[in-house]
Participant: 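What follows is a single structure, and I will ask about it in a moment.
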Amino acid sequence: MSLPSRLERTAFARPTLTVARRLLGCVVWHRAGGEWRRGRIVEVEAYIGDGDLASHAANGKRTPRNRIMFGPAGFAYVYFTYGMHHCFNVVTETDGRPGAVLIRGLDGIARAAGPALACRALQLTLRDNGRDLVTDPALWIEPGRRRRDERVVQTTRIGIRKSVDLPYRFYLLDSPGVSRRDRAAESALRG
DNA sequence: CACACGATGCGCT
DNA sequence: GCGCATCGTGTGG
């Protein structure tokens with residue numbers, strides 16, 4: 001049995017909104033503490049620089065924390081917040097341009113609805129910040145497939161105070177790992 | 001150096 | 001719906 005394939009650099013080095021949508025259905029693999037953790041991505045949010053005031057890279061400003069967002073695509077951006085939670089992002093865009101996709105919900109792994117729970121389920125912490133998902137032997141993203149009925153819902157992001165109207169959140173309709181559903185967006189999608 | 005606050009989750013009302 | 005735990009990080013003095 002061979003190891004699963006993984007997304008390569010070119011899959012991440014694209015516009016953040018494109019990567020966000022395409023990550024839905026893909027599977028994160030992480031070997032930690034002698035065990036494999038894996039979860040299928042069912043909810044994500046895009047964060048960029050230009051015009052996105054909710055982003056850690058708002059206004060294109062570099063800080064020690066967000067520097068990984070400005071680097072080459074395909075690296076893990078893990079940050080710590082609220083004194084107790086970690087969140088896991090995948091860096092996007094070309095080198096020099098900030099961008100990341102926040103992993104907000106996983107299926108196939110226990111209690112992983114919400115970014116902090118998803119990060120905990122994957123056993124990722126600040127120490128994993130900057131790992132290369134393209135070359136790391138114990139952390140990567142497997143290409144995914146979606147069933148025809150797994151429609152992609154696009155809506156606004158959660159838990160932010162700025163740029164609240166940007167439709168930068170994507171999730172798979174009817175997936176259990178989705179943290180919060182948008183009924184209006186869903187009925188519009190269903191037509 | 002001091003301080004305000006956050007890309008959250010949980011328990012209680 | 002609301003309060004709160006708990007600390008890394010950014011900002012300003």
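Chain letters run A, B, ... following the sequence lines, proteins first, then strands; residues in each count from 1.
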Participant: Any carboxylate oxygen within less than 4.0 angstrom of a Lys/Arg side-chain nitrogen, looking at A/R38 and A/D107?
Facilitator: no

Participant: Any Lys/Arg nitrogen of A/D182 or A/R169 sitting under 4.0 Å from an Asp/Glu carboxylate oxygen of the other?
Facilitator: no

Participant: I need the minimum non-hydrogen distance between A/R157 and A/A46, along with the two atoms involved.
Facilitator: NH1-O, 2.9 Å

Participant: Which comes earlier along DNA chain C counting from the 5' end, the contact point of A/L126 or that of A/H85, where each point is its nearest nucleotide?
Facilitator: A/H85

Participant: Heavy atoms only, 4.0 Å cut-off, all strands: where does A/T63 land among base, sugar-phosphate and nothing?
Facilitator: sugar-phosphate

Participant: Of all nucleotides in DNA chain C that come within under 4.0 Å of a heavy atom of chain A, which is furthest toward the 5' end and which toward the 3' end?
Facilitator: C/dA5 to C/dT11

Participant: What stem regions, each of at least 3 consecutive Watson-Crick or G-U pairs below 3.5 Å, can be found for DNA chain C?
Facilitator: B:1-6 with C:7-12, B:8-12 with C:1-5

Participant: Which of parallel (below 30°), tilted (30 to 60°) and perpendicular (above 60°) describes A/F80 and A/H86?
Facilitator: tilted

Participant: Any ion pair linking A/R147 and A/E150 (charged N to carboxylate O, less than 4.0 Å)?
Facilitator: yes

Participant: Are any of the side-chain nitrogens in A/D136 or A/R131 under 4.0 Å away from the carboxylate oxygens of its partner?
Facilitator: yes

Participant: Within the 4.0 Å heavy-atom criterion, would you say A/K162 contacts the bases, only the backbone, or no part of the nucleic acid?
Facilitator: nothing

Participant: Considering only atom P, compute the distance from B/dA2 to C/dT6 and round it to an integer number of Å.
Facilitator: 22 Å

Participant: Should the ring pair A/Y77 and A/Y79 be called parallel, tilted or perpendicular, given that the plane angle runs from 0 to 90° and is split at 30 and 60?
Facilitator: tilted

Participant: Output all residues satisfying side-chain contact (heavy atoms from CB on, under 4.5 Å) with A/F70, sequence neighbours left out; order by chain, then residue number.
Facilitator: A/A57, A/R62, A/N66, A/P98

Participant: Quick one: label A/A116 by what it contacts on the DNA or RNA (base, sugar-phosphate, nothing), any heavy atom closer than 4.0 Å.
Facilitator: sugar-phosphate

Participant: Need one value for A/R62: base, sugar-phosphate or nothing, where a base atom within 4.0 Å counts as base even if backbone is also close, heavy atoms only.
Facilitator: nothing

Participant: May I ask you to say whether A/D149 pairs ionically with A/R190, meaning some side-chain N is under 4.0 Å from a carboxylate O?
Facilitator: no

Participant: Between A/R104 and A/E45, does any side-chain N to carboxylate O distance fall below 4.0 Å?
Facilitator: yes

Participant: Go through residues 43-51 of chain A and report each residue with a non-hydrogen atom lying under 4.0 Å from DNA chain C, sorted by number.
Facilitator: none

Participant: Could you give the start and end, 5' to 3', of the contact zone on DNA chain B for chain A, using atoms under 4.0 Å from its heavy atoms?
Facilitator: B/dG6 to B/dC10

Participant: Give me each pair satisfying ring-ring contact (aromatic ring centres under 6.0 Å, His included) with a member in residues 167-191 of chain A, each pair once, sequence neighbours excluded.
Facilitator: none

Participant: Look at all strands and tell whether A/L102 reaches a base, only sugar-phosphate, or nothing, counting heavy atoms closer than 4.0 Å.
Facilitator: base

Participant: So what does A/R157 hit on the nucleic acid, given a heavy-atom distance under 4.0 Å: a base, only sugar-phosphate, or nothing?
Facilitator: nothing

Participant: Measure the CD-CG distance between A/E43 and A/L172 for me, rounded to the nearest 0.5 Å.
Facilitator: 9.5 Å

Participant: Are A/R120 and A/F88 in a cation-pi setup, meaning NZ or CZ lies under 6.0 angstrom from the ring centre and within 45 degrees of the ring axis?
Facilitator: no

